[in-house]
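Note: hydrogens, waters and symmetry copies are ignored here, and every other heavy atom, side chains too, is used.
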Amino acid sequence: MINQLYALYKREVLKLFRSRFMWAMILAQPLMWIIFFGNSLAGLPKGFLAQYFGVDNYLAYMLPGMVTISMMTAGTFASISIVIDRRLGYLKRVLTTPTPRSAVFLAKALGGMTRGLLMVPVILALGALLGVHYKIDWGALVVWLAGLLALGIGFSSLFAVFTSNTSDVHAPGVIANFITMPLMFTSTAIFPREFFPTWLKALSEVNPLTYATELGREALIYGSAPNTTALAALALFAVTTTAIGIVMVETQLSPD
């Protein structure tokens, strides 16, 4: 299985690096987020930002959240890739070989995670160019990067499961909207938990985006010690979604 997984993952990576449109998205999406959303609260008083956000620059607060949102949305490409391969007949050719269905699924999940990781240095570099000052704790940085890997695998697996038996090109977009929007606005990626009503606070506390975002702020903005509890929660999310995905694709991943 390892050889098949490596070959399929290598194909996903080669498709990514050969796509001009994908590189345009990797570069343009963070830029648009920073320009239009990162500056939306630039006029807030520094005292207010310091009290409620813990920073004197909203962009610095939002930057880790932007990274986690990008990791989540990049996961949709795992489901898109499955649909495209099915429509082109490639999935049918693969499944007529001894390649396990789980290898196909894991290659798509790893491909989605890789797309998300490529956005991380772009976002951080743009933030530095726009005046964000990083207070890096290297231990927390390692924990955060591990958390991003888990987050990317988890969401890529989640999205891939929903398109394992459909060839409808509209399915990935519809599913993504149902998942990404609620998770984004029930996390602390954009606003602090203190602004939320009680029921929204409860949702944010079980939202994987919240854990990944707070790990990023601790590593980059606050310079705090690593939070291994948050990493454990993200690891549990990744293991759960991947395990469910492997079980489901063995029966649901169809070539047509």
Side-chain angles (χ1 to χ4, degrees), residues 49-55 57-75 78 106 109-110 112-114 116-117 119-121 123-124 127 132-161 179-247:
L49 285 169
Q51 180 179 354
Y52 291 102
F53 293 80
V55 295
N57 179 350
Y58 177 69
L59 181 57
Y61 178 85
M62 197 192 77
L63 210 66
M66 190 186 310
V67 171
T68 58
I69 291 170
S70 296
M71 289 298 299
M72 174 179 65
T73 55
L106 289 173
L110 289 170
M113 178 202 68
T114 302
L117 287 176
M119 291 189 195
V120 176
I123 294 172
L124 298 184
V132 175
H133 301 289
Y134 299 120
K135 299 177 183 177
I136 298 176
D137 180 284
W138 295 103
L141 182 64
V142 171
V143 170
W144 179 52
L145 292 175
L148 290 180
L149 289 173
L151 188 77
I153 286 288
F155 276 113
S156 294
S157 298
L158 183 64
F159 287 122
V161 165
I179 294 176
T180 59
M181 295 298 285
L183 286 178
M184 183 169 66
F185 289 109
T186 57
S187 75
T188 58
I190 300 175
F191 300 109
R193 189 183 287 113
E194 287 75 15
F195 290 179
F196 295 169
T198 303
W199 64 271
L200 199 53
K201 287 181 181 177
L203 290 177
S204 73
E205 289 173 359
V206 295
N207 188 333
L209 288 185
T210 294
Y211 289 106
T213 299
E214 296 306 322
L215 282 177
R217 290 194 181 114
E218 290 165 359
L220 299 174
I221 308 302
Y222 302 144
S224 306
N227 183 346
T228 53
T229 302
L231 177 60
L234 291 171
L236 178 62
F237 168 68
V239 169
T240 302
T241 55
T242 303
I244 292 173
I246 288 173
V247 171

Next on the checklist: Can you confirm whether or not the ring centre of F155 sits under 6.0 Å from the ring centre of F237?
Outcome noted: yes

Item to check | Listed partners of T68 passing side-chain hydrogen bond (donor to acceptor under 3.5 Å, both in side chains), at least two apart | outcome: T213

Checklist entry - Is there a donor-acceptor pair closer than 3.5 Å between any side-chain N or O of N207 and the backbone N or O of L183? => result yes

Item to check | Residues which pass ring-ring contact (aromatic ring centres under 6.0 Å, His included) with F185, listed by chain and number, not counting sequence neighbours | outcome: none

Item to check | I244: partners by side-chain contact (heavy atoms from CB on, under 4.5 Å), with sequence neighbours left out | outcome: T240, M248

Checklist entry - Say you draw a straight line from CG of L106 to CD1 of I246; how long is it, rounded to the nearest 0.5 Å? => result 4.5 Å

Checklist entry - Hey, what do you get for CG (L231) to CG (L236), rounding to the nearest 0.5 Å? => result 11.0 Å

Checklist entry - Partners of T73 by side-chain hydrogen bond (donor to acceptor under 3.5 Å, both in side chains), sequence neighbours excluded? => result none

Checklist entry - Considering residues at least two apart in sequence or located in another chain, which fulfil the ring-ring contact (aromatic ring centres under 6.0 Å, His included) criterion with F159? => result none

Checklist outcome for this item: Residue pairs meeting ring pair (Phe, Tyr, Trp, His ring centres under 6.0 Å), one or both in residues 199-229, sequence neighbours left out, come to none

Next on the checklist: Test of understanding: with side-chain hydrogen bond (donor to acceptor under 3.5 Å, both in side chains), list the residues that count as partners of T114, not counting sequence neighbours.
Outcome noted: Y9

Next on the checklist: Test: side-chain hydrogen bond (donor to acceptor under 3.5 Å, both in side chains). Region: residues 136-150. Which pairs qualify, not counting sequence neighbours?
Outcome noted: none

Item to check | Sequence-distant partners of S70, side-chain hydrogen bond (donor to acceptor under 3.5 Å, both in side chains), two or more places apart | outcome: none

Next on the checklist: Nearest 0.5 Å, please: how far is CG in L158 from CD1 in I153?
Outcome noted: 12.5 Å

Item to check | Reported CE-to-CG distance for the pair M71 and L148, which is rounded to 0.5 angstrom | outcome: 5.5 Å

Next on the checklist: Filter on salt bridge (Lys or Arg N to Asp or Glu O under 4.0 Å), then keep only pairs touching residues 194-205, sequence neighbours left out; what's left?
Outcome noted: none

Next on the checklist: According to side-chain hydrogen bond (donor to acceptor under 3.5 Å, both in side chains), does anything in residues 150-159 pair up with another residue at least two apart or in another chain? List the pairs.
Outcome noted: S157-T242

Checklist entry - Could you give all pairs that pass the salt bridge (Lys or Arg N to Asp or Glu O under 4.0 Å) test and reach residues 207-217, with sequence neighbours left out? => result E214-R217

